[in-house]
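Okay, structure first, notes after.
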Amino acid sequence: MSEEHGTPRAPTGTHDVLPPESARWEAFLAGFASLAGRYGFGMVHTPMFEDIRVFHRGIGETSEVVGKEMYEFTDRGGRHLALRPEGTASIVRAFVQHRPPTPWRAWYATPSFRYERPQAGRFRQHHQVGVEVLGSDDPDVDVEVIVLAQRFFESLGLNRFTLSVNSMGDPACRPAYVESLRGFLEGCASDLCAEHQERYAENPLRVLDCKKEACRSATEGAPMLIGALCEECRSHHDRVLEGLALAGVEVHANDRLVRGFDYYTRTTFEFSSEALEGAHNAIGGGGRYDGLVELLGGPPTPGIGFGIGIERALLACDAEGSFDVTPPTPAAFVVDVTGGEAARDLVFRLREKGLFVERAYGGRSMKSQFKAADRSGAPVALLIGNDELASGSVTIRALREAREQVTQTVEALLDGVDKTGAISW
RNA sequence: GUGGUCGUAGCUCAGUUGGCAGAGCGCCGGGAUGUGGCCCCGGAGGUCGCGGGUUCGAGCCCCGUCGGUCACCCCA
């Protein structure tokens with residue numbers, strides 16, 4: 001129950017994933033791997049901790065995540081490190097270090113760590129799958145990346161989610177816009193929510209994303225970045241929207257979408273589930289980060305990517321009653337009441353033939369072994385009693401259909417194993 | 001970091017004005033000679049989260065603490 005008993009438990013905000021739930025995780029990961037593979041992405045593994053500067057420089061000092069939520073530590077050699085709070089910065093660091101040919105398309109699956117108070121859909125260790133494309137600023141790449149995420153959510157059986165898309169501009173147009181927005185906010189500062197009356201100047205864009213009614217109505221007439229884009233950003237954005245329309249992806253234009261990391265430029269997007277209650281309905285998000293590679297010491301290289309929260313996406317599946325994955329059931333369950341040596345041999349030979357087979361251990365009673373056989377979900381029990389042992393045979397008994405049981409030789413049984421991994425008899 | 005709420009068996013939870021710690025499910029064994037599910041019988045399994053206090057007596061009342069959970073903030 002508690003640590004007072006001296007029994008350790010998983011740290012606050014972390015959790016174990018056991019069967020049968022882990023079967024969903026396996027399927028989730030396999031599905032993402034397969035889809036990403038079809039889009040030309042190769043899997044990349046990077047360390048779960050990095051030189052802390054990777055995140056300071058990459059994600060930005062002013063972001064909440066870097067400012068107060070990182071798991072930081074100093075190792076025995078005095079190195080200042082941090083557990084990764086998100087996926088992109090590490091991939092970009094690896095890109096800068098190895099300089100693979102571009103465009104470089106990487107996908108990943110990894111835990112992320114943030115020191116926050118846990119609640120529904122929020123953990124200190126959560127897991128993400130994601131992709132990054134480095135080395136192309138072609139808007140078609142933005143489209144492919146977004147469509148990939150869209151198709152993945154669809155493959156999970158999700159229906160009730162929305163894709164929001166916005167543009168964050170670039171260094172050519174955003175600074176001037178931010179100044180004009182700051183000016184606008186100064187004029188109505190007293191109408192903003194309590195927090196933003198104090199803080200609007202630090203990051204004016206965030207005020208647009210504030211959910212408080214005060215900020216909502218105060219900024220009703222505020223200038224929007226989307227209307228202040230430079231020519232290049234404008235046409236990039238149009239081309240992205242055009243590509244998404246062509247792909248049949250429904251887009252919810254959201255002028256106020258502002259994402260948490262400082263590195264985003266131009267395209268930003270977010271997938272939110274309407275099936276999830278509360279504020280934690282963001283199941284995935286990402287965007288373009290054309291200046292990030294340089295920030296981490298590489299040559300000017302555009303990039304774009306997204307991350308999908310596995311726990312959140314699975315919660316959305318729960319809420320929609322989709323993606324119900326159950327662990328595989330054995331093809332057969334061996335019941336041996338002659339001491340277990342025959343079971344040991346038979347199970348071994350069936351597995352060598354590629355079958356998923358289970359058995360009981362410890363010389364339990366026949367009744368209890370049949371009970372276990374039934375619970376295993378196997379379609380048949382393979383019974384070895386004294387008669388079978390003496391004649392080198394096994395009795396095949398159907399557990400899930402009405403069918404007369406038959407006894408045949410072990411050799412005949414092995415010959416009857418078909419290519420689908422089932423016992424045929 | 002701030003607040004609400006809940007901690008009793010592996011799980012879900014009862015537990016009366018303070019009076020011998022319970023149920024269902026699960027697990028193990030058995031129910032006329034070698035057959036699962038349904039049914040019946042039996043069994044194992046608890047520092048009642050932890051520490052202190054009040055009391056003849058605390059799962060129950062009081063204080064503290066730890067943990068879970070939900071919400072704010074922020075995010076996936």
State whether the aromatic ring of A:His280 stacks on the base of B:rA76, taking stacking to mean ring centres under 5.5 Å apart and ring planes under 30° to each other. no
[X] [atom1] - [N] [atom2] separation (whole Å):
X	N	atom1	atom2	answer
A:Arg312	B:rC74	CZ	P	13 Å
A:Arg84	B:rA76	CZ	C1'	14 Å
A:Ile59	B:rA76	CD1	P	10 Å
A:Met366	B:rG31	CE	P	13 Å

Distance only, no hydrogens: is a donor on one side chain within 3.5 Å (strictly under) of an acceptor on the other, for A:Arg84 and A:Thr46? yes
Looking only at the side chains, is there a donor atom on one of A:His126 and A:Gln128 sitting less than 3.5 Å from an acceptor on the other? yes
Can you tell me how far C1' in B:rU47 sits from the matching atom in B:rC39, rounded to whole Å?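 About 38 Å, rounded to a whole number of Å.
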Would you mind checking if [Y] and [X] are paired as a salt bridge, meaning a charged N to carboxylate O distance below 4.0 Å?
X	Y	result
A:Asp170	A:Arg266	yes
A:Glu294	A:Arg57	no
A:Glu270	A:Arg259	yes
A:Glu144	A:Arg105	yes

Can you check whether [X] has a side-chain N or O nearer than 4.0 Å to OP1 or OP2 of [N]?
X	N	result
A:Arg9	B:rC66	no
A:Arg400	B:rG37	no
A:Gln119	B:rA71	yes
A:Ser368	B:rG29	yes
A:Thr395	B:rG34	no
A:Thr12	B:rG68	yes

Filter on salt bridge (Lys or Arg N to Asp or Glu O under 4.0 Å), then keep only pairs touching residues 15-38 of chain A, sequence neighbours left out; what's left?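 Those involving residues 15-38 of chain A are A:Glu21-A:Arg24, A:Arg24-A:Asp318.
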Donor-acceptor contacts, no H, no angles, side chain residues 357-368 of chain A, under 3.5 Å, sequence neighbours left out:
| unit_1 | atom_1 | unit_2 | atom_2 | d |
| --- | --- | --- | --- | --- |
| A:Arg364 | NH1 | A:Ser368 | OG | 3.2 |
| A:Ser365 | OG | A:Ser368 | N | 3.1 |

Enumerate, atom names and distances included, each donor-acceptor pair closer than 3.5 Å involving a side-chain atom of residues 282-293 of chain A, sequence neighbours excluded.
| unit_1 | atom_1 | unit_2 | atom_2 | d |
| --- | --- | --- | --- | --- |
| A:Arg288 | NE | A:Asp142 | OD1 | 3.2 |
| A:Arg288 | NE | A:Asp142 | OD2 | 3.1 |
| A:Arg288 | NH1 | A:Ser136 | O | 3.2 |
| A:Arg288 | NH1 | A:Asp290 | OD1 | 2.9 |
| A:Arg288 | NH2 | A:Ser136 | O | 3.3 |
| A:Arg288 | NH2 | A:Asp142 | OD1 | 2.5 |
| A:Tyr289 | OH | A:Glu132 | OE1 | 2.5 |
| A:Asp290 | OD1 | A:Gly303 | N | 3.3 |

Pairing of RNA chain B as dot-bracket, 5' to 3': ( ) intra-strand, [ ] crossing, | other strand, . unpaired, with Watson-Crick or G-U pairs under 3.5 Å? (((((((..((((.....[..)))).(((((.......))))).....(((((..]....))))))))))))....
Restricting to nitrogen or oxygen on both sides, can you table the protein-nucleotides 2-4 of chain B pairs closer than 3.5 Å?
| unit_1 | atom_1 | unit_2 | atom_2 | d |
| --- | --- | --- | --- | --- |
| B:rU2 | O4 | A:Arg117 | NH1 | 2.9 |
| B:rG3 | O6 | A:Arg117 | NH2 | 3.0 |

Tabulate atom names and distances for all N/O pairs under 3.5 angstrom spanning the protein and nucleotides 39-43 of chain B.
none

